[in-house]
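Taking it in order: structure first as structure tokens, then the write-up.
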Amino acid sequence: MRFSQSFIPTLRDDPADAEVVSHRLMLRAGMIRKLAAGIYTYLPLAWRSLRKVEAIIRAEMDAAGAQELRMPGVQPAELWRESGRWEVYGRELLRMKDRHERDFCLGPTHEEVITDLVRGEVRSYKQLPLNLYQLQTKFRDEIRPRFGLMRGREFIMKDGYSFDADESGAEATYRRMEAAYHRIFATMGLNFRAVEADTGQIGGSFSHEFMVLADTGEDDVVFCDACDYAANREKATSKVAPPERRDTPAAETVATPGVSTVDEVAAFLKTTPDRLIKTLVFEVPAESGKRYAAVLIRGDREVQEVKLNNLLGEGARLAEPADVARLTGGPLGFAGPMGLSGLDVHVDRTVAGVTDGVTGANAADAHLVHVLPGRDFPLGDLVDLDGARAGDGCPRCDGGTLAIRRGIEVGQVFMLGTKYSDAMGATFLDPDGKARPFVMGCYGIGVGRTLAAAIEQNHDEKGIVWPMPIAPLHAALVVMNMKSEALVAAADALYEALGAAGVEVLLDDRPERAGVKLTDAELLGLPILLLLGDRGLAKGVVEVRARAGGETREVPLAEAPAAVRGMVEAAGGTIRGG
Ligand code: ATP
Ligand code: MG
């Protein structure tokens with residue numbers, strides 16, 4: 001590709017409305033332009049990368065036994081009424097009428113269409129399993145489209161759907177897709193984790209989200225440094241080491257005048273927060289006014305909101321001080337499990353390991369010391385309410401430590417079960433001739449979001465630093481001085497030779513100053529940078545620099561094509577015809 005003849009409208013300055021790096025850099029690198037909120041044109045450079053992302057996805061899906069097809073983007077409302085989602089999908093579903101006043105929508109996802117297709121064609125268990133996918137444009141009328149390709153309204157998705165005869169077959173398919181997803185994102189050169197996820201709106205029984213780790217991600221990913229344990233923060237759990245074991249004499253009440261927070265109490269009683277047992281009273285909205293419940297958790301741990309809502313019901317929040325006083329007998333900060341009655345008490349698992357503990361005494365200015373959980377108050381069925389923290393032990397393996405990073409959801413796999421086949425009467429005949437619903441799974445990857453996430457993860461202050469496998473091209477060849485005819489001729493020859501070696505090169509042959517071209521080359525972020533100047537030409541060498549590392553070496557012109565090709569291959573790039 002010759003820059004002088006390409007459509008790569010780079011921008012010198014940061015666009016005003018771009019909040020995240022990938023959005024900013026894709027605009028500046030001339031990769032995307034906005035048509036309307038959340039609706040973008042992919043310019044040639046972006047399109048080249050998107051096609052590479054798609055090619056990697058296709059290769060792995062095909063290898064895993066899935067077959068590509070293509071369904072319509074416009075879908076009739078009847079199918080959505082059958083599945084029950086016409087009413088529940090909400091305003092993200094862009095609805096419209098045709099000239100006959102019939103309802104249609106722009107497909108945000110294709111469970112209905114594929115289920116309709118398969119129920120019409122597949123009669124027998126002998127035709128199963130079936131795994132179908134497409135790469136296609138989706139439309140979701142997001143409330144807040146933002147961050148460029150990260151959260152668009154119109155976007156490209158790979159969506160796949162599987163049909164099996166029974167649960168165990170469906171689970172095997174699910175595992176195969178999960179493994180294919182691991183290979184897909186690894187092949188792209190991305191640092192990612194697969195986390196256990198909630199099944200949310202789409203429904204179904206289990207699910208994993210694939211998260212690209214990047215500081216600008218919207219979700220917190222908790223993962224182990226030793227094994228493959230990873231979970232969203234809302235679901236994550238951990239091994240929490242108990243405080244050092246101590247003998248616990250009989251509990252006694254001590255005065256703690258005006259001392260109520262965990263840190264104050266620990267300091268006043270000369271102990272540590274991990275020996276304190278917090279008693280938190282929550283109120284939960286209920287049909288007849290409010291319900292109250294108490295939660296016990298170790299002083300140095302926090303109650304996780306999502307887990308709390310799962311346990312007590314949506315909308316749980318800390319009770320008002322007056323209610324705490326009425327329910328426990330003591331002011332806020334002095335509640336405790338001993339002598340507490342009339343309230344459901346849930347004990348977090350972190351409390352179980354505490355010895356020689358401290359609790360509130362349900363009276364003003366008093367605490368109980370030498371408290372032993374299980375002896376002095378019942379533990380009941382332990383619950384898991386605290387959030388995992390960086391540095392906690394891994395809940396799955398021995399010796400692993402948890403870390404927390406931000407993540408961007410680029411893909412999700414769902415075990416759907418029979419949700420859609422039941423709703424839409426999609427059945428096949430089993431070996432006994434009995435009609436049974438298909439057991440389904442669905443598998444999505446955001447193609448544009450993956451590209452944006454790759455940039456979020458791979459950039460520096462100068463621009464994009466593409467991972468080789470999804471870079472628009474492998475290398476940029478910058479001609480430092482277009483006024484030198486000898487240099488231009490040598491650059492042309494090198495460009496041809498690189499092309500013949502299968503290397504994708506952007507030849508910067510624009511009549512610009514060298515500095516401008518270098519700035520653009522770093523902005524575009526092609527993985528290999530070749531600088532050809534008069535001085536190098538005199539020596540018969542070209543400067544070769546890796547965009548990521550920055551180290552430069554001089555390579556004899558004749559050796560450059562093979563050397564660059566080697567660099568491309570070593571970094572996981574695909575050589576044309578290679
Ligand atoms: P989110 O929670 O981010 O809105 P989702 O969980 O609703 O996404 P899925 O239904 O799981 O999305 O869709 C599969 C994939 O499609 C997602 O993992 C994501 O990569 C991509 N995707 C979803 N919504 C968008 C969007 N508005 N813009 C770009 N990509 C998207
Ligand atoms: Mg999702």
Side-chain angles (χ1 to χ4, degrees), residues 20 22-23 26 32 34 36-40 42 46 50 53-54 56-57 61 83 85 88-94 106-112 114 133-161 174 177-178 180-181 184-185 188 190 192-204 206-214 216-221 231-235 306 406-416 419-420 440-457 470:
V20 297
S22 58
H23 188 192
M26 284 173 119
I32 57 170
K34 182 163 100 176
I39 302 179
Y40 289 86
Y42 312 116
L50 289 168
V53 170
E54 292 187 351
I56 292 169
I57 295 173
M61 292 300 290
S83 73
R85 287 207 291 184
V88 301
Y89 210 91
R91 303 193 63 184
E92 266 184 38
L93 190 64
L94 186 63
L106 280 185
T109 173
H110 279 68
E111 283 82 6
E112 283 79 359
I114 196 96
Y133 76 98
Q134 65 176 345
L135 277 148
Q136 204 228 27
T137 298
K138 297 278 188 268
F139 196 94
R140 294 183 181 178
D141 203 355
E142 302 265 355
I143 315 180
R144 284 211 295 156
R146 58 197 174 134
F147 305 158
L149 300 195
M150 196 74 87
R151 184 171 296 285
R153 292 198 295 168
E154 181 178 302
F155 58 96
I156 305 170
M157 196 199 285
K158 187 288 292 181
D159 48 325
Y161 308 88
Y174 179 93
M177 285 294 104
E178 197 189 346
Y181 272 45
I184 286 169
F185 295 113
M188 290 179 193
L190 299 176
F192 70 97
R193 291 291 185 284
V195 306
E196 291 163 22
D198 269 342
T199 44
Q201 278 258 322
I202 294 198
F206 56 92
S207 173
H208 286 84
E209 282 171 353
F210 285 74
M211 313 290 285
V212 166
L213 302 181
T216 45
E218 292 184 330
D219 300 292
D220 278 321
V221 182
N232 276 334
R233 193 195 271 278
E234 299 81 56
K235 275 208 130 188
V306 173
R406 304 290 282 175
I408 300 165
E409 182 201 322
V410 288
Q412 184 160 16
V413 289
F414 282 98
M415 175 82 160
L416 286 173
K419 179 179 156 125
Y420 292 90
M440 293 173 58
C442 74
Y443 319 95
I445 294 179
V447 174
R449 186 182 287 181
T450 299
L451 202 62
I455 296 175
E456 293 294 332
Q457 190 176 76
I470 57 174

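Order of listing sets the numbers, starting from 1, for every ligand and every atom in it.
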Looking only at distances, can you tell me whether any N or O atom of G446, backbone or side chain, sits closer than 3.5 Å to an N or O atom of ligand 1? yes
Between G152 and ligand 1, is there a nitrogen or oxygen pair with a distance under 3.5 Å? yes
Sub-4.0 Å atoms of ligand 1 with respect to non-hydrogen atoms of [X]:
X    : result
L149 : 29 (C)
V410 : 18 (O), 20 (O)
E142 : 24 (N), 26 (C), 27 (N)
Q412 : 6 (O), 11 (O)

Any atom of ligand 1 sitting under 4.0 Å from a heavy atom of [X]?
X    : result
G411 : yes
D159 : no
T109 : no
K138 : no

- request: Report yes if some heavy atom in the side chain of V413 is under 4.5 Å from a heavy atom in the side chain of Y181; otherwise report no.
  value: yes
Does the side chain of E54 reach to within under 4.5 Å of the side chain of I156, using non-hydrogen atoms?
yes
Next on the checklist: Looking at E196 and K235, is any side-chain nitrogen of the basic one under 4.0 Å from a carboxylate oxygen of the acidic one?
Outcome noted: no
Query - E111/K419 salt bridge by N-O under 4.0 Å criterion - result: no
Among N, O or S atoms, E409 approaches the Mg ion (ligand 2) most closely through OE2
Original post:
With a 6.0 Å cut-off on ring centres, are Y420 and Y161 close enough?
Top reply: no
Ranking R151, E218, E409 by closest non-hydrogen atom to atom 3 (O) of ligand 1, top hit is R151
Margin query: Please verify the inter-ring angle class for F206 with Y174; under 30° counts as parallel, over 60° as perpendicular, anything in between as tilted.
Written below: perpendicular
Below 30° counts as parallel, above 60° as perpendicular, anything between as tilted: where do the rings of Y40 and H23 land?
perpendicular
The single option from R151, R91, R153 that satisfies salt bridge (Lys or Arg N to Asp or Glu O under 4.0 Å) with E142 is R151
From the list V195, D220, D219, side chain to side chain contact (heavy atoms under 4.5 Å, CB included) with R233 holds only for D220
Short version for R140: what comes under 4.0 Å of ligand 1, heavy atoms counted, is side chain
